[in-house]
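Here's the structure, in structure tokens; my notes come after.
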Amino acid sequence: MSEPFRALTSRTIVLPQESIDTDQIIPARFLTTTSRDGLGAKAFFDWRYDITGAPKPEFALNIVDPTEHRILVAGANFGCGSSREHAPWALADYGFRAVISTSIADIFTSNALKNGLLPIEVDAETHAALLERPGYKITIDLERCELRFANLAPVSFRVEPFARRCLLDGVDTLGWLLDRSAAIAAYEHKRGLGT
Amino acid sequence: MPPDPSAAPLTLFEKVWRTHVVTPETEETPAVLYVDMHLVHEVTSPQAFAELDARGLKVRRPDKTYATLDHSTPTLPPDENGERPYVTAEAKAQVAALERNCAAHGVTLAGWDSADRGIVHVMGPELGLTHPGSLIVCGDSHTATHGAFGALAFGIGTSEVGHVLATQCLLQRKPKTLRVNIINSLQSGVSAKDMALSVIAALGFGGGTGFVIEYAGEAVRALDMEGRMTLCNMTIETGARAGMVAPDQTTIAWLRVRRHAPQGTAFEAKAAEWLNLVSDEGAVFDKEIHLDAATMAPMATWGTTPDMSAPIGAPTPTPRSQADERALTYMRFEPGGQARDHTVDIVFVGSCTNGRISDLRAAAALLRGRKIKEGVRMLVAPGSEAVRREAEAEGLDRIFTEAGAEWRLPGCSMCIAMNGDVVPPGALAVSTSNRNFEGRQGKGARTILASPASAAAAAVAGYLVDPRTLTEAAHV
Ligand code: SF4
């Protein structure tokens with residue numbers, strides 16, 4: 001289970017491309033792992049490294065210190081494609097704690113929330129302002145569901161309430177579901193599914 | 001008095017959703033939904049089993065869990081020592097982990113020695129594990145395939161795989177509904193894959209996000225089950241997690257002969273129930289669109305997302321956005337360019353989109369008595385062992401090999417390129433799979449998505465060509 005998430009102040013890395021899919025975030029050839037760990041080194045691998053394996057000097061993730069740039073600002077429809085949870089594992093392991101876009105794919109959102117990586121959808125205007133300012137410092141306040149910036153008005157965002165509570169309080173989702181065992185058994189009984 | 005909500009017309013989706021609610025959705029918590037069938041494969045499950053083991057938990061319903069090996073499995077046979085040519089030791093270890101986990105938890109695994117093994121979304125339906133009205137999940141986004149039977153089926157992440165293994169349940173917010181009505185009929189020589197690509201182009205990549213799609217209309221009704229699976233399979237490429245087709249006599253006939261379907265009188269009783277799984281007259285969808293099948297043509301993608309497609313033969317379009325420009329640069333296509341300017345290096349027929357027997361027949365029909373163009377490498381990977389047996393019994397394997405193609409063992413193969421079957425950097429591939437993302441088929445690989453007939457036609461011509469021109473030529 002991931003550490004609780006209340007507030008974060010950090011700088012952004014901007015990847016403006018639309019529809020950054022899970023194959024870009026973590027190419028399929030790295031999915032043979034049986035672990036969740038260590039995937040940060042493989043995040044955006046084919047965008048980060050050239051064919052010889054040398055880092056591409058112009059690529060955003062190769063330029064900055066990830067410990068100070070923990071917010072990814074990306075183009076619309078981020079995280080589309082496969083259901084691989086390796087995508088948020090890779091981003092979180094790299095150091096990201098939030099992704100901001102105008103739209104973020106469903107399964108990616110669900111996976112990210114379970115790994116302490118906060119997906120935030122913002123309006124087009126805020127998005128455009130963030131795309132123009134790589135390295136911008138943002139405060140993400142999950143308790144108030146608000147983004148705060150140095151020179152822009154604060155912007156509120158929405159997080160699914162249960163996922164928000166899990167992040168704020170470090171609720172263990174599987175534990176929560178296991179606590180519903182009686183209701184699950186009653187359901188199985190009602191539908192004649194045996195147990 | 002307010003109208004009785006139980007009398008309100010319901011969508012197919014709503015009917016299936018309601019049956020699976022263990023505890024209803026509230027403002028604070030999502031609904032707890034019960035899963036009827038959980039499909040498992042080697043790539044997205046090891047960390048979930050590890051979580052169960054770490055907590056000392058068992059799989060709650062091994063009888064509702066079914067596993068297969070498909071993604072990291074080699075499609076070449078074992079050597080003389082029985083060693084399979086895994087791409088890496090890690091891939092081999094991943095397969096071994098699933099074998100171990102299934103044995104430890106009493107989960108049925110269609111493993112190497114099983115005649116049932118196949119790509120998870122080919123195997124489930126063909127064994128009759130996929131039932132109308134059921135809730136099906138798998139750690140794989142193309143789980144949408146099973147919606148072809150009127151099931152609610154969607155992909156989940158590995159944490160959720162763990163939730164379902166341990167509790168048979170899942171937390172879900174109710175999605176919105178979108179009906180895609182497709183009127184008229186497809187012209188002959190136009191396939192379900194072409195229909196799927198046309199739907200994605202109409203909705204846009206991401207245009208279905210937040211929705212469950214119901215496909216309706218006479219063109220959908222006219223599809224056989226395999227065509228419906230192809231259509232539902234690619235639903236995820238619109239961003240919608242699930243696609244559904246209401247069950248009808250086509251569905252019933254398909255299921256009647258399946259091993260894991262109810263048998264005898266139990267089947268007839270179930271069939272009657274299943275036929276009620278239709279959207280009621282007057283049911284309200286959050287959104288509806290209408291498309292005309294008669295205007296659809298064999299399609300191919302020209303870009304790096306599945307919505308970037310056009311009828312085969314149309315010139316490469318002029319970019320309308322930065323994304324288009326980036327895609328054309330990656331694909332090395334010029335606006336206004338013609339298909340015959342682009343020599344195809346690789347043709348792949350297979351995947352959970354188009355690796356079923358009817359797909360192989362369509363490709364073989366184009367290749368019968370022909371040779372693939374010199375310089376083109378063509379790989380055919382059947383979707384399952386059952387498909388392989390059927391194809392070999394019909395002699396399709398010989399048609400492929402005599403034409404110069406490679407006939408492989410079942411698996412995902414070049415669809416995801418994590419088993420060693422890769423498209424080399426810069427090579428141009430025509431593929432019957434579902435994603436043309438940058439590098440999907442290998443680093444630097446350039447992918448064109450098309451139907452099995454179109455892929456086979458490209459193998460013969462050496463460039464993209466409307467397959468109908470070849471079939472018509474053969475009939476003159
Ligand atoms: S064939 Fe491709 S899309 Fe289908 S399950 Fe395998 S990797 Fe996924």
Side-chain angles (χ1 to χ4, degrees), chain A residues 16-19 21-24 27-36 45-47 49 51 75-77 80-89 103-108 110-115 160-163 165 173-178 180-181 183-184 186-188 191 193-195, chain B residues 19 22-23 27-30 32 34 43-44 46-47 50-51 55 57 60 63 71-72 87-88 90-91 93-94 97 139-141 143 155-160 162-163 166-169 171 173 175 205-206 209-210 236 239 241 305 321-323 326 416-418 425 435 437-440 443-444:
Chain A
Q17 293 85 351
E18 281 177 25
S19 297
D21 59 79
T22 50
D23 278 274
Q24 309 317 316
R29 60 186 184 279
F30 302 122
L31 304 186
T32 48
T33 178
T34 51
S35 158
R36 293 170 186 252
F45 195 89
D46 291 344
W47 289 8
Y49 303 100
I51 210 94
N77 195 29
C80 54
S82 93
S83 63
R84 64 186 71 155
E85 201 161 315
H86 309 68
W89 292 338
S103 60
I104 303 179
D106 281 348
I107 308 181
F108 179 87
S110 158
N111 286 339
L113 287 166
K114 292 179 181 67
N115 291 282
E160 194 282 309
F162 183 75
R165 185 150 75 81
T173 320
L174 176 52
W176 190 91
L177 266 173
L178 286 164
R180 302 287 160 306
S181 292
I184 298 168
Y187 174 92
E188 285 173 326
R191 265 188 67 198
L193 298 174
T195 44
Chain B
T19 339
V22 174
T23 62
E27 180 55 39
E28 294 79 42
T29 50
V32 175
Y34 194 84
V43 178
T44 55
Q47 299 85 351
E51 183 73 32
R55 296 180 188 227
L57 297 168
R60 181 182 175 96
D63 58 327
H71 283 68
S72 28
V87 61
T88 56
E90 203 178 57
Q94 191 172 56
D140 191 284
S141 62
T143 309
I156 57 177
T158 295
S159 295
E160 291 174 318
H163 298 172
T167 69
Q168 203 57 27
C169 288
L171 283 159
R173 291 282 176 191
F205 194 55
T209 303
I236 182 71
R241 284 175 77 172
T305 54
S321 65
Q322 280 184 354
R326 184 184 161 99
I416 189 162
M418 58 179 291
R435 285 182 177 146
F437 299 155
E438 287 180 23
R440 168 77 177 187
K443 182 163 176 149

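Quick note on labels: first sequence line is chain A, next is B, and so on, each numbered from 1. The structure presented is a predicted model; accordingly, all values stated were derived computationally and were not measured.
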When you measure from the side chain of B:Q94 to the backbone N and O of A:T34, does any donor-acceptor pair fall under 3.5 Å? no

Separation of A:D46 CG from B:E438 CD (nearest 0.5 Å): 9.0 Å

NZ/NE/NH1/NH2 to OD/OE distance under 4.0 Å, B:R326 and A:E18: no

Can you measure from CD1 (A:I107) to OG1 (B:T143) and round to the nearest 0.5 angstrom? 7.5 Å

For chain A, which of B:T44, B:T88, B:D63, B:I156 has the most heavy-atom pairs under 4.5 Å? B:I156

Top residue by heavy-atom pair count (under 4.5 Å) with chain A, among B:P425, B:S72, B:G139, B:P30? B:P30

Quick check: does any side chain N or O of B:E28 sit under 3.5 Å from a backbone N or O of A:P161, one acting as donor and the other as acceptor? no

From CG (B:L171) to CG (A:L177), nearest 0.5 Å: 4.5 Å

Let me know if A:F162 has heavy atoms under 4.5 Å from chain B in its side chain, its backbone, both or neither. both

At a heavy-atom separation under 4.5 Å, does B:T167 approach chain A through its side chain, its backbone, both, or neither? both

Side chain A:D23, main chain B:F437, donor-acceptor under 3.5 Å: no

CD1 of B:I236 to OG of A:S82: how many Å apart, nearest 0.5 Å? 9.0 Å

Among A:I184, A:N77, A:L178, the residue with the most heavy-atom pairs under 4.5 Å to chain B is A:I184

When you measure from the side chain of B:R435 to the backbone of A:G81, do you find a donor-acceptor pair of N or O atoms at a distance under 3.5 Å? yes

Using non-hydrogen atoms only, which part of A:S35 is less than 4.5 Å away from chain B: side chain, backbone, both, or neither? backbone

Under 4.0 Å between a side-chain nitrogen and a carboxylate oxygen: does that hold for A:R29 and B:E90? no

Chain A: which of B:E27, B:R60, B:Q168 shares the most heavy-atom pairs with it under 4.5 Å? B:R60

Is B:R173 salt-bridged to A:E160, cutoff N-O under 4.0 Å? yes

